[in-house]
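A quick note: this is a predicted structure, and the numbers were derived from the prediction, not measured.
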Amino acid sequence: MKKFFLLAALVVAAVSAHAQNKVYCSLVGTAKPFSLKMTVQVDFGQEMVRGLRVFDSRLKGEDGKPIVFNSMIDALNYMGQMGWVFEQAYVVTSAQQQVYTYIMSKDADEEGKEEGAAAPEE
């Protein structure tokens with residue numbers, strides 16, 4: 001009987017741990033022309049129209065102005081303070097510039113919405 005309750009407890013724990021959802025986003029950063037600063041956009045999977053974003057996907061501060069980051073690590077630290085967790089990074093290099101992409105995740109509630117972070121303003 002004890003084995004049955006132990007097995008049942010393990011199954012319940014495994015199912016509840018597996019039921020936790022994650023949401024993902026990507027930080028896409030490019031160097032600003034003639035500057036050492038970065039322009040960082042966030043992709044939460046927003047709607048696109050013919051390959052173009054419907055709205056400005058740059059991170060914005062409380063004043064509504066886009067945040068300018070010193071580096072991608074600066075942007076990564078900012079997102080970490082918002083509860084996002086780093087997953088993976090890669091760089092795409094062309095003759096013109098380098099595009100840095102960081103994949104991040106965050107636990108989601110039961111409805112699949114992100115906890116504690118606002119989606120970008122439209």
Side-chain angles (χ1 to χ4, degrees):
M1 190 67 159
K2 289 181 183 177
K3 288 182 182 179
F4 173 76
F5 286 117
L6 179 62
L7 181 62
L10 289 174
V11 168
V12 169
V15 168
S16 65
H18 186 268
Q20 186 176 21
N21 294 323
K22 283 188 174 183
V23 290
Y24 294 89
C25 75
S26 66
L27 296 178
V28 180
T30 55
K32 292 181 78 171
F34 310 110
S35 174
L36 298 176
K37 306 283 185 179
M38 300 291 293
T39 298
V40 178
Q41 295 183 322
V42 182
D43 181 0
F44 290 103
Q46 307 96 314
E47 180 180 356
M48 297 180 81
V49 176
R50 294 186 184 206
L52 300 173
R53 299 218 181 277
V54 177
F55 56 90
D56 185 3
S57 60
R58 293 178 291 180
L59 286 173
K60 295 180 178 70
E62 292 179 6
D63 59 358
K65 294 182 181 178
I67 300 172
V68 178
F69 295 99
N70 295 320
S71 65
M72 285 301 291
I73 297 301
D74 190 15
L76 186 66
N77 288 334
Y78 176 84
M79 293 296 284
Q81 291 173 354
M82 299 298 157
W84 291 89
V85 177
F86 172 80
E87 296 284 338
Q88 182 178 0
Y90 60 92
V91 179
V92 177
T93 304
S94 69
Q96 312 299 19
Q97 66 182 354
Q98 291 181 327
V99 178
Y100 301 87
T101 303
Y102 287 14
I103 307 298
M104 304 193 77
S105 69
K106 189 172 190 176
D107 292 335
D109 62 12
E110 297 79 35
E111 289 117 28
K113 297 179 182 176
E114 28 180 312
E115 292 179 351
E121 298 174 10
E122 295 189 33

Show which side-chain atoms of residues 25-36 pair as donor or acceptor with protein atoms under 3.5 Å away, not counting sequence neighbours.
residue: S35; atom: OG; partner: K37; partner atom: N; Å: 3.0

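F86 and Y102 have perpendicular rings, their planes meeting at more than 60° on a 0 to 90° scale where under 30° would count as parallel.
Residues satisfying the side-chain hydrogen bond (donor to acceptor under 3.5 Å, both in side chains) test with N77, not counting sequence neighbours, are none. Shown here are the ring-ring contact (aromatic ring centres under 6.0 Å, His included) partners of Y78, two or more places apart in sequence or in another chain: F69.
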Criterion side chain to side chain contact (heavy atoms under 4.5 Å, CB included) on T101 and Q88, from CA distance to verdict: CA-CA 8 Å; T101 303; Q88 182 178 0; over 6 Å; no
V91 vs T93, side chain to side chain contact (heavy atoms under 4.5 Å, CB included): CA-CA, chis, key distance, verdict: CA-CA 6 Å; V91 179; T93 304; 3.9 Å; yes
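Side-chain contact between T39 and R58 is present, with at least one heavy-atom pair separated by less than 4.5 Å.
How far OH of Y100 is from CE of M38: 6.0 Å, rounded to the nearest 0.5 Å. To the nearest 0.5 Å, atom NZ of residue K106 and atom CE of residue M79 are 7.5 Å apart.
A chain of hydrophobic side-chain contacts below 4.5 Å, direct or via other Ile, Leu, Val, Met, Phe, Trp or Tyr residues, connects I67 to F44. Hydrophobic clustering, with ILVMFWY side chains joined whenever heavy atoms are under 4.5 angstrom apart, groups I73 together with M82.
Counting only residues at least two apart or in different chains, salt bridge (Lys or Arg N to Asp or Glu O under 4.0 Å) contacts with residues 67-89 comprise K22-E87. Sorted by first and then second residue, the salt bridge (Lys or Arg N to Asp or Glu O under 4.0 Å) pairs involving residues 88-104 (not counting sequence neighbours) form an empty list.
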